Amino acid sequence: MEQRLDRSVRSGVWAIAITALALVAAELVSSAWAIWSLWLLAALATLIALWNANAGRRHVTTHPDRYAGLPLAVLTMVFGVAAALVIASSVYASVRTAPAADAPSALSRQRHDASGG
């Protein structure tokens, strides 16, 4: 029997490709709603990629005589974890409280006052 690439592995690869396209597109647009929508699309595609890559890995290891694609499934899972970290850090960076905006000017004001000016 000829080995063929598992369907779940193929779906996982397509999902991680959609993740990458959505993250690149989020960098190119300026609308906040579009950015959040693309991040949501990337997050959903990442979850789908991880789910399908794990299912494909399981199918390939359970039926090695029928299915191929174990390295591709593992690589997809690695990229999925990396994409999840990128999405999480992007969301954290955008929703965290901003540092004090007047800190540098307040420091310069203190130096100016201390020098007698």
Side-chain angles (χ1 to χ4, degrees):
M1 183 173 223
E2 182 182 341
Q3 285 184 331
R4 59 188 169 98
L5 187 62
D6 185 64
R7 185 178 357 166
S8 296
V9 174
R10 260 193 315 253
S11 299
V13 170
W14 278 108
I16 206 70
I18 290 170
T19 298
L21 288 174
L23 289 174
V24 168
E27 292 296 319
L28 299 176
V29 297
S30 59
S31 168
W33 286 103
I35 292 170
W36 279 100
S37 299
L38 288 167
W39 281 351
L40 182 61
L41 173 65
L44 290 174
T46 299
L47 290 175
I48 292 169
L50 288 170
W51 183 275
N52 283 332
N54 190 42
R57 181 205 50 84
R58 190 185 66 227
H59 293 158
V60 171
T61 55
T62 306
H63 304 288
D65 53 328
R66 294 189 338 203
Y67 299 118
L70 182 61
L72 193 57
V74 171
L75 190 63
T76 302
M77 288 174 24
V78 168
F79 283 143
V81 169
L85 290 173
V86 166
I87 294 166
S89 64
S90 297
V91 169
Y92 173 73
S94 67
V95 298
R96 72 171 189 229
T97 58
D102 62 338
S105 63
L107 288 176
S108 66
R109 224 178 291 132
Q110 287 175 354
R111 284 186 190 156
H112 183 67
D113 293 340
S115 67

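These numbers come from a predicted model, not from an experiment. When reading the values below, keep in mind they use all heavy atoms of this one structure, side chains included, and skip hydrogens, waters and symmetry mates. Each residue takes its place number in the sequence, starting with 1.
Within 6.0 Å of CH2 on Trp39 lie more than 12 heavy atoms contributed by other residues, nucleotides or ligands.
Closest of all the heavy-atom pairs between Val9 and Ala73 is CG2-CB, 3.9 Å. Across all non-hydrogen atoms, the minimal contact from Asp6 to Gly56 is OD2-CA, 3.2 Å. In this structure, Ile18 and Ala45 approach most closely via the heavy-atom pair CG2-CB, 4.0 Å.
Expressed to the nearest 0.5 Å, how far CG of Asn52 lies from CZ of Arg10 amounts to 11.5 Å. Atoms CG and CG, on Leu5 and Leu70 in that order, are 11.0 Å from each other to the nearest 0.5 Å. Rounding to the nearest 0.5 angstrom, the gap separating the CZ atom in Arg57 from the OG1 atom in Thr62 is 8.0 Å. Atoms CG and CG, on Leu21 and Leu38 in that order, are 10.5 Å from each other to the nearest 0.5 Å.
Under a hydrophobic clustering in which Ile, Leu, Val, Met, Phe, Trp and Tyr are joined whenever their side-chain heavy atoms come within less than 4.5 Å, directly or via other members, Ile35 and Val95 fall into the same cluster. Hydrophobic clustering, with ILVMFWY side chains joined whenever heavy atoms are under 4.5 angstrom apart, groups Val29 together with Leu23. Linking ILVMFWY side-chain heavy atoms closer than 4.5 Å, directly or via other members, places Ile16 and Ile48 in two distinct hydrophobic clusters. Under the 4.5 Å side-chain heavy-atom criterion for grouping Ile, Leu, Val, Met, Phe, Trp and Tyr, Val74 is not connected to Met77 through any hydrophobic cluster.
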Side chains of residues 85-94: which donor-acceptor partners sit under 3.5 Å, not counting sequence neighbours?
| from | atom 1 | to | atom 2 | distance (Å) |
| --- | --- | --- | --- | --- |
| Ser89 | OG | Leu85 | O | 3.1 |
| Ser89 | OG | Val86 | O | 3.0 |
| Ser90 | OG | Val86 | O | 2.9 |
| Ser94 | OG | Ser90 | O | 3.4 |
| Ser94 | OG | Val91 | O | 2.9 |

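Checking side-chain atoms of Thr19 against main-chain N and O of Thr46 turns up a donor-acceptor pair under 3.5 Å.
Each ring pair (Phe, Tyr, Trp, His ring centres under 6.0 Å) pair with one or both residues in residues 55-82, not counting sequence neighbours, would appear here, but there are none.
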